[in-house]
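First the structure, in the form of structure tokens, and then the observations on it.
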Amino acid sequence: MNIIATHINYLHICHRKLWLFVNGINMEHSSDLVYEGKHIGEHSYNQRSPKFREVELEGAKIDFFDPQTKTIHETKKSNAFEKAHVAQVRYYQYLLHHNGVLETRGIIEYPKQRKRIEIEPLNSNDFTEIENWVKAVRAIGNEIEMPNRKDKPSKCKNCSYFDFCWISENE
């Protein structure tokens, strides 16, 4: 399995969502919320310098990368899953490091909240942690049975898999 940043992001949000995604069950294409997030990412920073580039690396797509400052810019709709967003950018840093781009930084931008988070270069502990994330993604993806859904549907209401997980045959 080729691990991409979306796997790392989903690992930090919901193991069931990760399992579904790994096993080819995708709901993002039909989600209005996913479309809104994509629209915000594509249109929030149109004034960016041309030096910022979208980078595709080992299946990961970095929104913008400034090669001069070695800074990754990731734009998100909301900070509801900030931990997952940080993990995603950390994984981008990891991929870049393994492709010879060292000492990268990250900036996560939340245009609707007018907030940004800066992420420092990786340290030796980060590499171990990220390698453990990759192992966890592989383990969850290889499970025979789908992990249980979360206990409270209120935590899932904005997930593109909400109907898949919570609709009942009796309804």
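Values below: every heavy atom of this structure, side chains too, minus hydrogens, waters and symmetry copies. What you see is a predicted model; the values in this text were computed from it and never measured.
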Are [X] and [Y] connected, step by step, through hydrophobic side chains (Ile, Leu, Val, Met, Phe, Trp, Tyr) whose heavy atoms are closer than 4.5 Å?
X: Leu102; Y: Ile62; value: no
X: Phe162; Y: Phe81; value: no
X: Ile140; Y: Tyr91; value: yes

If you define the side chain from C-beta out and look only at heavy atoms, does anything of [X] sit under 4.5 Å from [Y]?
X: Tyr110; Y: His85; value: yes
X: Ile107; Y: Thr71; value: yes
X: Gln113; Y: Ser78; value: yes
X: Glu74; Y: Phe64; value: no

Can you tell me how far apart [atom1] ([X]) and [atom2] ([Y]) are? Round to the nearest 0.5 Å.
X: Glu131; Y: Asp126; atom1: CD; atom2: CG; result: 11.0 Å
X: Ser124; Y: Glu129; atom1: OG; atom2: CD; result: 11.5 Å
X: Lys17; Y: Asn9; atom1: NZ; atom2: CG; result: 7.0 Å
X: Thr75; Y: Glu109; atom1: OG1; atom2: CD; result: 4.5 Å
X: Thr104; Y: Leu95; atom1: OG1; atom2: CG; result: 10.0 Å
X: Ile117; Y: Lys76; atom1: CD1; atom2: NZ; result: 11.5 Å

Nearest atoms (heavy-atom pairs only) where [X] meets [Y]:
X: Arg16; Y: Cys165; answer: NE-SG, 3.0 Å
X: Tyr161; Y: Leu20; answer: CD2-CD1, 3.5 Å
X: Leu11; Y: Ala136; answer: CD1-CB, 4.0 Å
X: Tyr92; Y: Ala60; answer: CE2-CB, 3.7 Å
X: Ile13; Y: Ala84; answer: CG1-CB, 3.6 Å
X: Leu96; Y: Leu57; answer: CD2-CD2, 3.6 Å

Do Trp133 and His7 have ring centres separated by under 6.0 Å?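 Between Trp133 and His7, the centre distance exceeds or equals 6.0 Å.
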Aromatic contact, His73 with Phe65 (centres under 6.0 Å):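 Ring centres of Phe65 and His73 not closer than 6.0 Å.
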Ignoring hydrogens and angles, tell me if any N or O in the side chain of [X] forms a donor-acceptor pair with the backbone of [Y] under 3.5 Å.
X: Arg116; Y: Ile108; value: no
X: Asn23; Y: Trp19; value: yes
X: Asn79; Y: Glu82; value: no
X: Arg138; Y: Met1; value: yes

Taking the six-membered ring for Trp, are Tyr94 and His98 parallel (under 30°), tilted (30 to 60°) or perpendicular (over 60°)? perpendicular
Determine whether Ile8 and Gln88 satisfy the following criterion, side chain to side chain contact (heavy atoms under 4.5 Å, CB included), listing intermediate values before the conclusion. CA-CA 6 Å; Ile8 301 299; Gln88 182 177 344; 5.6 Å; no
Do Thr69 and Asp66 meet the criterion of a side-chain donor-acceptor pair at a distance under 3.5 Å? yes
Testing the 3.5 Å rule here: is there a donor-acceptor pair between the side chains of His15 and Tyr10? no
Using salt bridge (Lys or Arg N to Asp or Glu O under 4.0 Å) as the criterion, list what pairs up with Glu143, not counting sequence neighbours. none
Are any of the side-chain nitrogens in Glu118 or Arg105 under 4.0 Å away from the carboxylate oxygens of its partner? no
Using the side chain to side chain donor-acceptor pair (under 3.5 Å) criterion, which residues pair with Gln93? Sequence neighbours excluded. Arg90
